[in-house]
There are 2 protein chains.
Amino acid sequence: MSATVDKVLDAAEGAMRARGYHAVSFRELADDIGIKSSSVHYHFPQKDDLGVALIERYSKRVLAELNRRSEESKNPNDRLDAFIDVYREALVNTDSVCLCVMLGAESRGLPDNVSNAVADFFDANIGWLANILPTTLSKKARRNKAASVLATLQGAMMMAATLKDTGLFDAIVKELRAAHRQS
Amino acid sequence: MSATVDKVLDAAEGAMRARGYHAVSFRELADDIGIKSSSVHYHFPQKDDLGVALIERYSKRVLAELNRRSEESKNPNDRLDAFIDVYREALVNTDSVCLCVMLGAESRGLPDNVSNAVADFFDANIGWLANILPTTLSKKARRNKAASVLATLQGAMMMAATLKDTGLFDAIVKELRAAHRQS
DNA sequence: GTCTATAATTTGATAGAC
DNA sequence: GTCTATCAAATTATAGAC
């Protein structure tokens, strides 16, 4: 993958996480990294090509980070903490929501391939989380619990960003940890 | 409030809940209700005027609905159910997320007055919810619990809409009810 | 791979007639 | 209060030179 492609995706990720898909233009991204918009089109012919590539890179990065951290401990509680921490750092380090909170909210207004990539991101995250939940639960129950944890995190990111209050995210997460701690 | 103003706001609500603030244009709203975009500008000179008016109308409507339903019972569990039902119906009836999930995600890319109106919506909802939580808890603890419930609902709406799976919303809500039921 | 140049469309917004 | 007409700017996207 070329250096320019990564620069474009970096710029696109920052912009789309802050303002959404439709509020980001090829020209803006090009200006950000010091090239022309036609050069961006060389790498991503259409905007949805950029959107899909962005989500796929983001998704891979998040899952790799989750797997890396979960190798540090096999304890389910530690792994839940790792999951939460990955999301927390995404909020704190970038001062913006998860890419897929934004694109998930906008999904009905996105090209189908972009919207599907967002759905895949959620499925993958739910699957990851479901795997660390107690095997005493049914597969469906684990999936539902996993979806519940993810929904709370995503909602908490969105509200904390809107209210400009990271402490609110932490307070919500504290309850989440307590509720899902396994003994 | 004139009939046209309401028609514009109706069209704007449907469009912005589906696709977001930046993906909605004056011309589109005008076409929807059979007038010209300059007539929309007569009622809302700038786009942020429209945004603020839309959120304020939405916020009043949601809070009125919450209050109306909560008059049916003084039982805290019933009132929590009423809160959840209001959000569930918003999802099911319109097949789209809460206006403030969308605008909350986009908030960093919105004009300040619009972004502030979204924040006010969340504050009002958190306040409403906090009021039905056990008075044995501290004020801060109630606020945090209320924010947690709201975050889960908003996140669940967003994910259910993206995955086109209302059942997922229901499954998440089932856990939420169980976790917050007072005996 | 990046550039200049440009096409075709859409956008938010305004002036002024009725 | 709605219209016609229009503007300046921005948007996605393409053709073709280097």
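Numbers restart at 1 for each chain; the letters A, B, ... are given by sequence-line order, proteins then strands. Model, not experiment: these values are computed from the prediction.
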* Length of the line joining A/D49:CG and D/dT12:P, which is rounded to integer Å -> 13 Å
* **A/H43, nearest nucleotide to its side chain (from C/dT2, D/dT2, D/dG1)** => C/dT2
* To do: Measure from NZ on A/K7 to C1' on C/dT2 and round the result to the nearest Å.
  => 12 Å
Ignoring hydrogens and angles, write down the donor-acceptor pairs under 3.5 Å from the side chains of residues 91-102 of chain A, residues two or more places apart or on other chains.
residue : atom : partner : partner atom : Å
A/N93   : ND2  : A/E89   : O            : 3.3
A/T94   : OG1  : A/R17   : NH2          : 3.1
A/T94   : OG1  : A/A90   : O            : 2.6
A/T94   : OG1  : A/S96   : N            : 3.2
A/T94   : OG1  : A/S96   : O            : 3.4
A/T94   : OG1  : A/S96   : OG           : 3.0

* Contacts of B/H180 that satisfy ring pair (Phe, Tyr, Trp, His ring centres under 6.0 Å) - sequence neighbours left out -> none
Expected list for residues 141-158 of chain A: side-chain donor-acceptor pairs under 3.5 angstrom, two or more places apart:
residue : atom : partner : partner atom : Å
A/T152  : OG1  : A/S148  : O            : 2.9
A/T152  : OG1  : B/T152  : OG1          : 2.7

* **Between C1' of D/dG1 and CG of B/D6, the distance in whole Å** => 16 Å
* Asked: Is a donor on one side and an acceptor on the other found under 3.5 Å between the side chain of B/N75 and the backbone of B/D78?
  -> yes
* Asked: Rounded to the Å, how far apart are A/L29 CG and D/dT11 C1'?
  -> 13 Å
* For D/dG1, does either OP1 or OP2 sit under 4.0 Å from a side-chain N or O belonging to B/Y42? -> yes
* Return the set of residues passing ring pair (Phe, Tyr, Trp, His ring centres under 6.0 Å) with B/Y21 (not counting sequence neighbours), or none when no residue passes. => none
* Structure fact -> Expected string for nucleotides 12-18 of chain C under the B/S/- scheme (protein heavy atoms, under 4.0 Å, primed atoms plus P, OP1, OP2 as sugar-phosphate) is BBB----
* Closest to side chain of B/T4, choosing from C/dT4, C/dG1, D/dT2 -> D/dT2
* To do: Could you check how far NZ of A/K36 sits from C1' of C/dG1, rounded to whole Å?
  => 15 Å
* To do: Mind checking ring pair (Phe, Tyr, Trp, His ring centres under 6.0 Å) for A/Y87 and listing every partner two or more places apart, or none if nothing turns up?
  => A/F83
